[in-house]
Amino acid sequence: MKKNVVILVLGIAFIMSCFVSAQETPAWAKETKEQKEKRMAWWTHDRFGMFIHWGLYALPARHEWVKQQEKISDEDYQKYFERFNPDLYNPKEWAAKAREAGMKYVVLTAKHHEGFCLWDSKYTDFKVTNTPYGKDLLKPFVDAFRAEGIRIGFYYSLIDWHHPDFPYDRIHPNGPQDPGERRKANESRDIKKYQQYLKDQLTELFTQFGRIDELFLDFSYPGENGKGHEDWDSENLLKLIRKLQPSVLIDDRADLNDTDWGWDFKTPEQFMPVEWPRVNGQRVPWETCQTFSGSWGYHRDETTWKSVRQLIVMLIEVTSKGGNLLLNVGPTARGTFDYRANERLEGMGKWMAYHNRSIYGCTQAPEGFPAPKNCLLTYSPEAKRLYIHILEWPISALHLNGYSGKFKYAQLLNDASEVRYRTDGDNVTLNLPVLKPDIEVPVIELFLE
């Protein structure tokens, strides 16, 4: 998705965005708090989605920003376009893996910063149908994931390093570094034409593939030699999107964070907020996007892969703070998932098969339920159940301070075996088996009063 320095900038921008005030809402964007909650209800219930970063950068296989990092010219980057042929692409297999992992929605990079399009857009030649593969990738993808009951989202890059009217800026891989030379080079580039290109392509994406549930626009970097909402014409872009599909959920990267209508959820990337994010003192919907390793696109030699346990704990922690997890896979240039990604998806799926009700429909625990030592809590308001995720298995007993009289039954979630307990004043002690259950993170389910 982004280089480390840009991730840091976005992290700072995310924190700053949590302290902004709302501007006047345009008529087309007005909705009540209840209407927005209803529109987002499926998303706040499902909690867990799959991100997929796939494009020409899968061929060099050394980071999705390879063109920018290595300052590769359009002419030299063309060799990847001329050899893109994912002959093993089977979106039904992808969709099955997502479902088995417990993921309820998916977001695919329809176009990343390199400008390459995975569908047969009539507004560019830089698209999959002009590669050796020669076929649209999005339609079979959408059909396969919908068949598995998985909701559809598209990632669409506001940045485009291939488009002739996208002005050079401070992160463009091929633009002049000298500001004066950059300004001169940009005289032949028309941002108005590029704004129309954005609208035309998003119109295709929102009219040719049925209902789209989430749109991940990426990303703004306002300031000197950067780009923000004026460059994207963000307000009119969102107006168009809302007109085409009013129910779609949109992220917060179009540089409209000083409004309460220009985004639906916050997107901390590659870091975990210490608590549920707030804007103007109010908790807001949020989704953290995370990778298995240090890269979003397929990176053959990247080795900092998170373990299955780390990923499960991440999902639990996100849910415990009222958020969603969008976990990324970077397919290979032949159209398959890397074996390391498969191992982790399978591992998460084994855990989710027995513990998904501590995730789906769950949120932060109510006040009055402090988390025991080495535990994370999630809570189902509908079922009135509290879930204690035990990160370090204690010796025979788990102490719950202040829980007396607040629940009527306890069981291990993986097998529904009773957990007996004793009460001492305001406190409760759960009597646990000496041996930890043979699962990554055991969960105790409390049936609340």
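- Taking the ring centroids of Y89 and W94, they lie under the 6.0 Å cut-off.
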Report, one line per pair, each donor and acceptor closer than 3.5 Å where one atom sits in a side chain of residues 367-381; sequence neighbours left out.
{"residue": "T378", "atom": "OG1", "partner": "S358", "partner atom": "O", "Å": "2.7"}
{"residue": "S380", "atom": "OG", "partner": "A383", "partner atom": "N", "Å": "3.1"}

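- When ring centroids are compared, F116 and H162 stay outside the 6.0 Å threshold.
- The line from SG of C117 to NZ of K111 is 6.5 Å long, rounded to the nearest 0.5 Å.
- Not a single side chain to side chain donor-acceptor pair (under 3.5 Å) links K350 to another residue, sequence neighbours left out.
- Between W43 and F265, the gap from one ring centroid to the other is short of 6.0 Å.
- Applying the ring-ring contact (aromatic ring centres under 6.0 Å, His included) test to W42 and every residue at least two apart in sequence or in another chain returns Y105.
- With sequence neighbours excluded, the residues satisfying salt bridge (charged side-chain N to carboxylate O under 4.0 Å, His left out) with D169 are K227.
- Ion pairing of E93 with K97 is absent here, as no side-chain N (NZ or NE/NH1/NH2) approaches a carboxylate O to less than 4.0 Å.
- Atoms CH2 and CD, on W296 and E64 in that order, are 8.0 Å from each other to the nearest 0.5 Å.
- Taking CD1 from I159 and OH from Y221, the interatomic distance works out to 4.5 Å, rounded to the nearest 0.5 Å.
- With sequence neighbours excluded, the residues satisfying side chain to side chain donor-acceptor pair (under 3.5 Å) with W232 are S220.
- The minimum heavy-atom distance between A254 and L238, with the atom names listed, is CB-CD1, 4.4 Å.
- Counted by atom type alone, Y156 and Q201 present one or more donor-acceptor pairs between their side chains at under 3.5 Å.
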Review item, side-chain donor-acceptor pairs of residues 418-427, under 3.5 Å, at least two apart:
{"residue": "R422", "atom": "NH1", "partner": "N431", "partner atom": "OD1", "Å": "2.6"}
{"residue": "N427", "atom": "OD1", "partner": "G402", "partner atom": "N", "Å": "2.9"}

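- Between D120 and K127, at least one side-chain nitrogen of the basic residue sits less than 4.0 Å from a carboxylate oxygen of the acidic one, meeting the salt-bridge criterion.
- For the atom pair OH (Y387) and CZ (R357), the distance works out to 5.0 Å, reported to the nearest 0.5 Å.
- Side chain to side chain, E302 and T304 meet the donor-acceptor criterion of an N or O pair below 3.5 Å.
- For E440, the salt bridge (charged side-chain N to carboxylate O under 4.0 Å, His left out) test picks out no residue, with sequence neighbours left out.
- Y409 is linked by a ring-ring contact (aromatic ring centres under 6.0 Å, His included) to F447, counting only residues two or more places apart in sequence or in another chain.
- The neighbour count for D438 CG, taken as heavy atoms of other residues, nucleotides or ligands under 6.0 Å away, does not exceed 12.
- Cation-pi geometry between K266 and W276 is not met: the NZ or CZ atom fails to fall both under 6.0 Å from the ring centre and inside 45° of the normal.
- Two rings, from H163 and F126, have their centers 6.0 Å or more apart.
- Residues meeting the side chain to side chain donor-acceptor pair (under 3.5 Å) test with S320, sequence neighbours left out: none.
- Between H53 and N328, the shortest heavy-atom distance links the atoms ND1-OD1, 2.8 Å.
- With values rounded to the nearest 0.5 angstrom, I212 atom CD1 is found 11.0 Å from L244 atom CG.
- Contact between F84 and L59 at its shortest, heavy atoms only, is CD1-CD1, 3.5 Å.
- Other residues, nucleotides and ligands contribute only 12 or fewer heavy atoms inside 6.0 Å of the CD atom of E382.
- In E449, the CD atom is crowded: over 12 heavy atoms of neighbouring residues, nucleotides or ligands sit closer than 6.0 Å.
- Dense packing is recorded around NZ of K36, with more than 12 heavy atoms of other residues, nucleotides or ligands lying under 6.0 Å away.
- K104 meets the salt bridge (charged side-chain N to carboxylate O under 4.0 Å, His left out) test with no other residue; sequence neighbours excluded.
- Listed by first then second residue, pairs satisfying side chain to side chain donor-acceptor pair (under 3.5 Å) with a partner in residues 394-406 read H399-T429, not counting sequence neighbours.
- Listed by chain and number, the residues in a side chain to side chain donor-acceptor pair (under 3.5 Å) with E31 are R39 (sequence neighbours excluded).
- Between the CG atom in L202 and the CD atom in Q245 there is a gap of 11.0 Å [rounded to 0.5 Å].
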